[in-house]
Amino acid sequence: MGSYDTAHLRQEMESLVDVSRLLGASNSTNSSSTELTYGFVSCAVSVLFYGSNFVPVKKIDTGDGMFFQWVLCAAVWTVSLVANIILRSPKFWPLAMLGGAIWATGNITVVPIVKTIGLGLGILIWASFNLLMGWASSRFGWFGIEAETVGKPTLNYCGAGLCLLSAIVFFFVKTDVQRPATSEETPLLIDNSANSSSQGSTDDSWVDMLPPLAKRLVGSGLAVVAGILYGFSFVPVLYIKHHASDPGGPFSGASQFDLDYVFAQFSGIFLTSTVYFLIYCAFKKNKPQVFPKAVLPGFVSGVMWGVATCCWFLANHYLSPVVSFPIITTVPGLIAAVWGVVVFKEVKGLRNYLVLILAFCLVLAGALLTAFSKL
């Protein structure tokens, strides 16, 4: 009888262990599913705002863009301040400011890009090179950061490749960018005397004087440079996270939650943009092109960009950069291209529409393959 009780007790214990294992596996599955949901929702918000954040200023005179980028970066920093308060002021890592400085350097090219090749094509080109740099550095562990792995690497490679191929296709889209004509043709703080009327009567900048072919080449080149800089902007944060486990290292114990670095990175953005704007003011002999009507739209644009980037930080955390980068860097270009076609009429002609449709298909296929590589 004693042996029977012992065997029966052992069976009961084994069944309890099996149930606990099943419950643990179920909880793990639910947790993983929740994280994927958070990640893809963050991606959706991010791509929508990234693809639309320059729409408020598309029809507004911004001159050479230096004042506009400073207003935008001030709004970006404001978003990070709110996020920092909500997160109860996590530890500030100065190295993360370097990522902001890199991004702000690329951002000063935005207005010349939009003026030369248009909103849609500009975003598509810089987003593709952003993808190449960001995805490759995360996937292969460049610059001292940890190499990311995915469940289906073949799908990930194919998805990233299709997203990059879409940029090449988008390059063949010819845009028709018209200079906005508004009542505010004279920027604030420009001397309108007879001695300077040739320089201050309009907001004509150096890009407005370029012939069509030169505009296309300059705009595309600047978009490539901007994309490369944007792609590197996350590297400092990923580096800090990767070295958080080094005992006695300078980043020991650093947070693994990406959003904790938003305030530091956005502070680097605002500080760098302020330095660039002051240098610009000195170069212009304290007569910068400042457009009052660009202030509110520029601030709205900056808030949209700040929210989009906060969502990108969340997507990096829940999905990993090797998944989030191909999606968030390419789908906004599709949204921007829709704005360019439907609202701003930057793309015309059957040939250009067909090329856009082909590129859209490549973007969607690439984004879906990249998403499925994580499942």
Problem set entry | Validation row: Asp260, Leu87 side chains within 4.5 angstrom (heavy atoms) | yes
For this session: Take Thr105 and Tyr276 through the test side chain to side chain donor-acceptor pair (under 3.5 Å) and record every step on the way to the result.
Result: CA-CA 9 Å; Thr105 302; Tyr276 286 150; 2.8 Å; yes
Exercise. Side chain to side chain contact (heavy atoms under 4.5 Å, CB included) between Tyr157 and Leu369: does it pass, once the steps are laid out?
Worked result: CA-CA 9 Å; Tyr157 288 131; Leu369 287 178; over 6 Å; no
For this session: Determine yes or no for a side-chain-to-main-chain donor-acceptor pair under 3.5 angstrom, with Ser273 supplying the side chain and Ile269 the backbone.
Result: yes
Exercise. Is there a side-chain contact between Leu319 and Tyr38 (heavy atoms, below 4.5 Å)?
Worked result: no
Problem set entry | Reported NE2-to-CG distance for the pair His317 and Leu314, which is rounded to 0.5 angstrom | 8.0 Å
For this session: Working to the nearest 0.5 Å, report the span between CD of Gln69 and OG1 of Thr274.
Result: 8.0 Å
Exercise. Same hydrophobic cluster for Trp70 and Leu278, using side-chain heavy-atom links shorter than 4.5 Å among ILVMFWY?
Worked result: no
Exercise. Using the benzene-type ring in the case of Trp, are the ring centres of Phe266 and Trp305 under 6.0 Å apart?
Worked result: yes
Exercise. Atom OG of Ser46 and atom CD1 of Ile328: how far apart are they, to the nearest 0.5 Å?
Worked result: 4.0 Å
Exercise. If every non-hydrogen atom of Leu259 is compared with every non-hydrogen atom of Cys310, which pair is closest and at what distance?
Worked result: CD1-O, 3.5 Å
Problem set entry | Short side-chain to backbone donor-acceptor contact, Ser80 and Trp77, under 3.5 Å | yes
Problem set entry | Nearest non-hydrogen partners of Ala96 and Pro236, listed with the distance | CA-CB, 4.3 Å
For this session: Flag the pair Gln265 / Ser233 as yes when at least one side-chain heavy-atom distance between them is below 4.5 Å, and no otherwise.
Result: yes
Exercise. How long is the gap from OG1 on Thr37 to OH on Tyr318, to the nearest 0.5 Å?
Worked result: 11.0 Å
Exercise. Got Phe270 and Val76 here, is their nearest side-chain heavy-atom distance under 4.5 Å?
Worked result: no
Problem set entry | Nearest-0.5 Å distance, CD1 of residue Ile86 to CZ of residue Phe263 | 13.0 Å
Exercise. So do Ile108 and Tyr280 actually touch side chain to side chain, heavy atoms under 4.5 Å?
Worked result: no
For this session: Measure from the side-chain N and O atoms of Ser220 to the backbone N and O of Leu217, and report whether any donor-acceptor pair falls under 3.5 Å.
Result: no
Problem set entry | Heavy-atom side-chain proximity of Leu271 to Cys73 below 4.5 angstrom | no
Problem set entry | Exam field: side chain Ser301 to backbone Gly298, donor-acceptor pair closer than 3.5 Å | no
For this session: Determine the minimum heavy-atom distance between Ser42 and Ala315, stating which atoms define it.
Result: CB-N, 4.0 Å
Problem set entry | Atom pair CG/CG of Asp258 and Asn316 - distance to nearest 0.5 Å | 5.5 Å
For this session: Over all heavy atoms of both residues, which pair between Pro112 and Leu222 is shortest? Give the atoms and the distance, please.
Result: CB-CD1, 3.9 Å
Exercise. Is it the case that one hydrophobic cluster holds both Phe313 and Val41, taking links as side-chain heavy atoms less than 4.5 Å apart, direct or via other members?
Worked result: no
Problem set entry | Where Ala244 and Ala254 come nearest, the two heavy atoms and their spacing | CB-O, 3.4 Å
For this session: Measure from the side-chain N and O atoms of Tyr261 to the backbone N and O of Leu238, and report whether any donor-acceptor pair falls under 3.5 Å.
Result: no
Exercise. Val295 versus Phe299: any side-chain heavy-atom pair under 4.5 Å?
Worked result: no
Exercise. Does some side-chain heavy atom of Ile335 sit less than 4.5 Å from a side-chain heavy atom of Ser52?
Worked result: yes
For this session: Check the hydrophobic clustering (I, L, V, M, F, W, Y; side-chain heavy atoms under 4.5 Å; chains of links allowed) and say if Trp93 and Phe257 are grouped together.
Result: yes
Exercise. Is there a side chain to side chain contact (heavy atoms under 4.5 Å, CB included) between Leu358 and Leu354 once you walk through the steps?
Worked result: CA-CA 6 Å; Leu358 173 61; Leu354 292 176; over 6 Å; no
Problem set entry | ring pair (Phe, Tyr, Trp, His ring centres under 6.0 Å) involving His242 - partner list, sequence neighbours excluded | none
Exercise. Are Val82 and Val79 joined in one hydrophobic group, where the rule is that I, L, V, M, F, W and Y side chains link up if heavy atoms are under 4.5 Å apart?
Worked result: no
Exercise. More than 12 non-hydrogen atoms from neighbouring residues, nucleotides or ligands closer than 6.0 Å to CH2 on Trp103, yes or no?
Worked result: yes
Exercise. Are any side-chain N or O atoms of Ser252 and backbone N or O atoms of Gly249, one a donor and one an acceptor, separated by less than 3.5 Å?
Worked result: no
Seminar exercise, completed: Scanning both residues in full, the closest heavy-atom pair of Asn107 with Leu72 reads ND2-CD2, 4.1 Å
Exercise. Is there a donor-acceptor contact under 3.5 Å from the side chain of Gln256 to the main chain of Lys241?
Worked result: yes
